[in-house]
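Here the structure comes first, spelled out in structure tokens, and everything after it is commentary.
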Amino acid sequence: METQVEVRFLSAGIGRVLRKFFRSGSGKMAFVGAVILIVFLLAALFADQIAPYDPTVRSGRTFQPPSSKHIFGTDNLGRDMFSRVLHGAKIALLIAFMAVLIAAAIGIPLGLLSGYIGGPLDRILTLIMDAVYSFPGLILAIAVAAVLGTGVTNIAVSIAVVYAPTYFRVIRNQVASIKSELYVEAARAIGARNWTILFRYVLPNVLPSVVVVLSMNLADAIMTEAGLSFLGLGIAPPTPDWGYDLSNGQRFILMNDWWMIMFPGLAIIVLVLGFSLFSEGLNEYLNPNVGERE
Amino acid sequence: MTLLKVENLVKHFPVRINFVKALFTRERKKVHAVNGVSFEIEEGQTLGLVGESGSGKTTTGRLILKLEEPTAGRIFFAGKEITSLGAEEMRRLRREMQIIFQDPLASLNPYMRIGEAVRHPLVIHSIGENKRRQREMVIEMLERVNLRPAEEFYNRFPRQISGGQRQRVVIARALITRPKFVVADEAVAMLDVSVRSQLLKLMMDLKHEFNLTYLFITHDLATTKYICDRIAVMYLGRIVEEGSFKDIYTDPKHPYTRALISAVPEPDPKAGEKKKKLIPAGEVPNPIDPPSGCPFHPRCPYAKEVCKTAPPKLKELESGRRVACYLYS
């Protein structure tokens, strides 16, 4: 059975490069990724305790380069960048997890039904999902965010709209192939109802690829969220947010104030890398034939 | 008493053709998988359905269990017609009729523990008062099919046991609801020879113990020797000969059956030398475009003009002995 996950996530491309770098198969990737994720999760959970200053109020002079008092420097309003990056992790992860949950909650059930029932329903759902899928991700998210407005939930929903078709496609295609497996027929032969077959025989067999899509999706959701905030469609200031800090910082780049964009940017890169490593490692573990596709 | 009766069963599968062709041709091609099959099985008997691959024997088995909707024909089970039964009624009837597939690994859900796989039919048909009682029944059944220690096997996954053990699990799953009728579709074909005879013996023991009726589908005449009371030989979707095991084996009538019997390897090499092999020339014709008349006539050494005109009827030569060949009419 083919369970490899072919999706258009940016992080999938990152993962392929990483796999070459790590010479694959060692489980190191998943480990390094997991370590990064744990660090970020802890930073987000204990941001209030770790952060030396309040991220939304002035804590020193403006435009201070990194020093022992402000290890990431201060921004144009004199706010501590280190505290902002820490608190930014909370927002980034919160929105990413919400977006992924919403996307999965839409895409997985629809994919299951569409693949299992087939026929006209399948054709219509596939058509709709393909139409959504054909938009460039960020553009679609901007359109939805512009309609819904700012705020954590709205941003999460607009990101979810972009990624729901990915779940749908992965699940639908897998279900369509699993449907003709002998064990599904055997389940029918022992008298199982369709619902029972769907949940006890089909779903467990598509779950491994769902897990991989989930973790890849988290990486992309973080990038999309940062992109939206960068464009001013994300979280309303003064809430600390990496994307917003990036766009705020780039206005002063000509003054050589590199720290204002370097640290939020690095945070995004490292977190996305963490998710990519983790998902690619997971993919390798759960779907061992993936490496053979090149 | 007749447990299963099949009348003139037909199954045609449409052949997919590309869209442009479909626009311009009116003719829709069909695979004639099963082409008017009739037989009866007495309660407690075993009918062997023999034929080479593509003869429609597997489809016949699937049609009987309504895993496939027949194109035409009627199926009676325990005196009741089940052909037009609704989905829910059929679902409940599945407790009585079960199937054992050829590939035990493929017919077990890889993410379901063996015990749960065997227990699931009990859950579906609400047999056993509670989970504990069901578990006991499963353990008992696993022990009956010689998966010991049963408690240990209960928690294993299909990939963690051997092929022969998997087929035992499949048998346990099929028999846990105490069905009356079991279709064994090439049930031992994928196992190695040593395991094969053990499983055939197990199936025979279980047959007597649970008073089962088997439809034993196989391409291998040698295995029918141990298990079948009667044999029906299929060729290109039709039954060409039917009779008791002994009649078919010692006195095959139809030219195709003769060829099949002659191909069974003889354990004694000297006897094997003496035996003349009658391998029919050519290949099995394409079931999309079956030959006119008798399906076997292009390969038959005794073919006459009449064989090309219409398929011969299955004629009763003596009681319980039917042949579809113009040589006997």
Side-chain angles (χ1 to χ4, degrees), chain A residues 1-5 108 111-113 115-120 122-123 126-127 170-171 174-214 282-283 285-290, chain B residues 58 61-62 64-68 85 87-113 116-127 157-159 166-167 169-177 179 181-186 190:
Chain A
M1 184 183 57
E2 290 292 302
T3 48
Q4 48 178 256
V5 180
I108 294 173
L112 276 174
L113 285 180
Y116 190 73
I117 296 170
D122 178 38
R123 252 168 277 160
T126 309
L127 202 70
V170 170
I171 301 294
Q174 291 237 337
V175 171
S177 80
I178 287 171
K179 198 169 66 168
S180 54
E181 291 279 338
L182 198 55
Y183 54 78
V184 171
E185 183 156 333
R188 212 144 31 94
I190 59 172
R193 287 191 177 84
N194 278 329
W195 285 113
T196 321
I197 295 177
L198 199 55
F199 286 110
R200 300 233 25 210
Y201 290 83
V202 176
L203 188 62
N205 285 288
V206 297
L207 273 184
S209 44
V210 171
V211 172
V212 174
V213 177
L214 264 168
L282 212 61
N283 201 357
Y285 176 70
L286 293 172
N287 312 313
N289 53 349
V290 159
Chain B
T58 295
R62 292 164 45 97
I64 291 168
L65 292 183
K66 299 257 308 231
L67 293 171
E68 204 87 67
L85 227 52
E88 185 56 30
E89 281 170 297
M90 192 59 216
R91 204 183 64 75
R92 261 182 258 129
L93 191 68
R94 293 197 186 283
R95 188 178 162 173
E96 312 266 299
M97 44 202 318
Q98 277 294 328
I99 185 163
I100 300 166
F101 291 106
Q102 176 175 14
D103 184 350
L105 181 59
S107 56
L108 291 168
N109 180 354
Y111 289 93
M112 209 180 220
R113 286 174 202 279
E116 290 303 306
V118 178
R119 193 172 71 92
H120 203 200
L122 297 179
V123 179
I124 288 166
H125 296 288
S126 335
I127 307 169
F157 285 102
R159 277 187 193 282
R166 278 179 210 135
Q167 198 60 296
V169 173
V170 173
I171 292 172
R173 177 175 66 181
L175 298 187
I176 192 124
T177 58
F181 175 65
V182 175
V183 174
D185 183 5
E186 302 264 17
M190 283 184 78

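Every chain is numbered from 1 and lettered A, B, ... according to where its sequence line falls, protein lines coming before strand lines.
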Among the listed options [options], the residue most often paired with chain A at heavy-atom distances under 4.5 Å:
{"options": "M90(B), R173(B), R95(B)", "answer": "R173(B)"}
{"options": "L108(B), V123(B), I176(B)", "answer": "L108(B)"}
{"options": "E88(B), H125(B), R62(B), K66(B)", "answer": "R62(B)"}

* To do: Rounded to the nearest 0.5 Å, what's the gap from CD1 on I197(A) to CG on N109(B)? Could you check?
  => 11.0 Å

* Rounded distance [0.5 Å steps], CG in L105(B) versus OH in Y183(A) -> 10.0 Å

Structural part of [X] lying under 4.5 Å from a heavy atom of chain A:
{"X": "M97(B)", "answer": "backbone"}
{"X": "L67(B)", "answer": "both"}
{"X": "R92(B)", "answer": "neither"}

* Asked: Shortest non-hydrogen contact from A186(A) to S107(B)?
  -> CB-O, 3.7 Å

* Looking only at heavy atoms, which two atoms of L182(A) and A106(B) are closest? And how far apart? -> CB-O, 3.4 Å

If we only count heavy atoms from C-beta on, is the [X] to [Y] side-chain gap below 4.5 Å?
{"X": "R91(B)", "Y": "R188(A)", "answer": "no"}
{"X": "R94(B)", "Y": "I190(A)", "answer": "no"}
{"X": "I99(B)", "Y": "E185(A)", "answer": "no"}

